[in-house]
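This report concerns only the one structure given below.
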Amino acid sequence: MGAVILPLLLALLLLYVLVYFARAAGRALARSREVTRFRFEAKALLAQVDPVLESLAARTDSARRQLVPPDEILDDLATGTTHLEAAEGEAEAIRAPLHGQALQAAMRDDIGRAVRAVAMIRFGCEQAATGRGRGAELEAQTAVKRGYLNLLHARESLV
């Protein structure tokens, strides 16, 4: 009887070890899938946001250098704001793994910074379009320049 119990106990121990390692491997695989999904969703979001930021930066730079009138880019700024606000919501909706939550929050914050930068540029362009004297013109130029720099910094941080 002792000759039967020892092999049975060894078989149960071996089965326990195999189940333990299979569970550990399953958890590791699930974490790997979660990280891969997060990377894919984050890259897709950034691929959607970067062209918008690039376009807004180019248009703002042309208005800042007075190559185009500031009121000509107001529609582009409104469209860009709509896209960026939608992207900010998408960044919030991405399910981040435990160690990726800080990265997700940073992405969301950088997109929010870009939204605020576009709002500042829009304010400056509206001020410049009204043309109510030298003080308003200087305020408009300052707002456009600060918004432009904030937009560049947000884009650089996202990339």
Side-chain angles (χ1 to χ4, degrees), residues 20-159:
Y20 176 79
F21 282 117
R23 281 185 163 178
R27 285 191 300 269
L29 186 60
R31 280 193 300 266
S32 176
R33 282 188 197 134
E34 190 177 9
V35 168
T36 302
R37 180 193 39 77
F38 174 70
R39 282 184 182 167
F40 177 76
E41 289 177 358
K43 283 182 181 180
L45 180 63
L46 293 179
Q48 175 186 348
V49 168
D50 190 51
V52 173
L53 294 177
E54 182 179 8
S55 171
L56 289 174
R59 292 291 287 163
T60 302
D61 190 43
S62 63
R64 188 177 66 86
R65 295 177 186 273
Q66 298 176 352
L67 300 175
V68 297
D71 57 339
E72 273 189 27
I73 68 167
L74 287 174
D75 290 337
D76 295 334
L77 294 173
T79 304
T81 300
T82 303
H83 287 297
L84 291 174
E85 287 173 345
E88 190 175 14
E90 289 178 30
E92 182 71 35
I94 292 176
R95 291 184 333 225
L98 183 61
H99 299 293
Q101 291 174 350
L103 182 59
Q104 177 200 17
M107 265 182 14
R108 185 191 63 237
D109 292 345
D110 287 336
I111 294 172
R113 182 180 0 166
V115 170
R116 292 187 301 276
V118 172
M120 184 178 285
I121 294 167
R122 182 192 288 169
F123 170 77
C125 289
E126 288 170 352
Q127 284 288 102
T130 60
R132 293 181 287 171
R134 181 74 178 141
E137 181 182 333
L138 289 175
E139 183 180 5
Q141 288 176 0
T142 302
V144 170
K145 286 178 186 178
R146 283 186 179 170
Y148 174 70
L149 289 176
N150 286 338
L151 188 66
L152 291 180
H153 291 154
R155 180 174 181 229
E156 181 179 308
S157 182
L158 279 168
V159 171

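We use all heavy atoms of the structure for the numbers below, so side chains are in, but hydrogens, waters and symmetry mates are not. Please read these numbers as outputs of a predicted model, since none were measured by experiment.
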- Criterion side-chain contact (heavy atoms from CB on, under 4.5 Å) on L53 and L152, from CA distance to verdict: CA-CA 8 Å; L53 294 177; L152 291 180; over 6 Å; no
- Under the salt bridge (charged side-chain N to carboxylate O under 4.0 Å, His left out) test, residues paired with E139 that sit two or more places apart: none
Distance-only check: which donor-acceptor pairs under 3.5 Å involve side-chain atoms of residues 82-98, not counting sequence neighbours?
residue, atom, partner, partner atom, Å
T82, OG1, A78, O, 3.0
E92, OE1, R108, NE, 3.3
E92, OE1, R108, NH1, 3.0

- Note on the structure: For D61, the side chain to side chain donor-acceptor pair (under 3.5 Å) test, sequence neighbours excluded, returns R64, R65
Output a table of donor-acceptor pairs, distance under 3.5 Å, between side-chain atoms of residues 110-118 and any protein atom two or more places apart or on a different chain; print 'none' if there are none.
residue, atom, partner, partner atom, Å
D110, OD1, R113, NH2, 3.1
D110, OD1, S157, OG, 3.4
D110, OD2, S157, OG, 2.6
R116, NH1, G112, O, 3.3

- Query: Which residue pairs pass the salt bridge (charged side-chain N to carboxylate O under 4.0 Å, His left out) test with at least one member in residues 69-78, sequence neighbours excluded?
  - Reply: R59-D76
- Query: Looking at CE of M120 and OG1 of T142, how far apart are the two atoms once the value is rounded to the nearest 0.5 Å?
  - Reply: 10.0 Å
- Query: CZ of R122 to CG of L56: how many Å apart, nearest 0.5 Å?
  - Reply: 10.5 Å
- Message: Could you measure the distance from the CE atom of M107 to the CG atom of L45? Nearest 0.5 Å is fine.
- Response: 5.0 Å
- Task: Over all heavy atoms of both residues, which pair between I73 and A63 is shortest? Give the atoms and the distance, please.
- Result: CD1-CB, 3.7 Å
- Message: Using 0.5 Å steps for rounding, measure from the CZ atom of F38 to the CD atom of Q101.
- Response: 9.0 Å
- Do L158 and D50 have side-chain heavy atoms sitting under 4.5 Å apart? no
For residues 144-151, run the donor-acceptor check on the side chains, cut-off 3.5 Å, and write out each pair with its distance to 0.1 Å, sequence neighbours left out.
residue, atom, partner, partner atom, Å
N150, ND2, R146, O, 3.4

- Task: Could you check if a side-chain atom of T60 sits within less than 4.5 angstrom of a side-chain atom of L77, using non-hydrogen atoms only?
- Result: yes
- Indicate yes or no for a side-chain donor-acceptor contact from S32 to the backbone of A28 under 3.5 Å, with no hydrogens or angles considered. no
- To the nearest 0.5 Å, atom CZ of R155 lies from atom CG of L46 at 11.5 Å
- Item | Distance-minimising heavy-atom pair for A128 and P70 | CB-CG, 3.6 Å
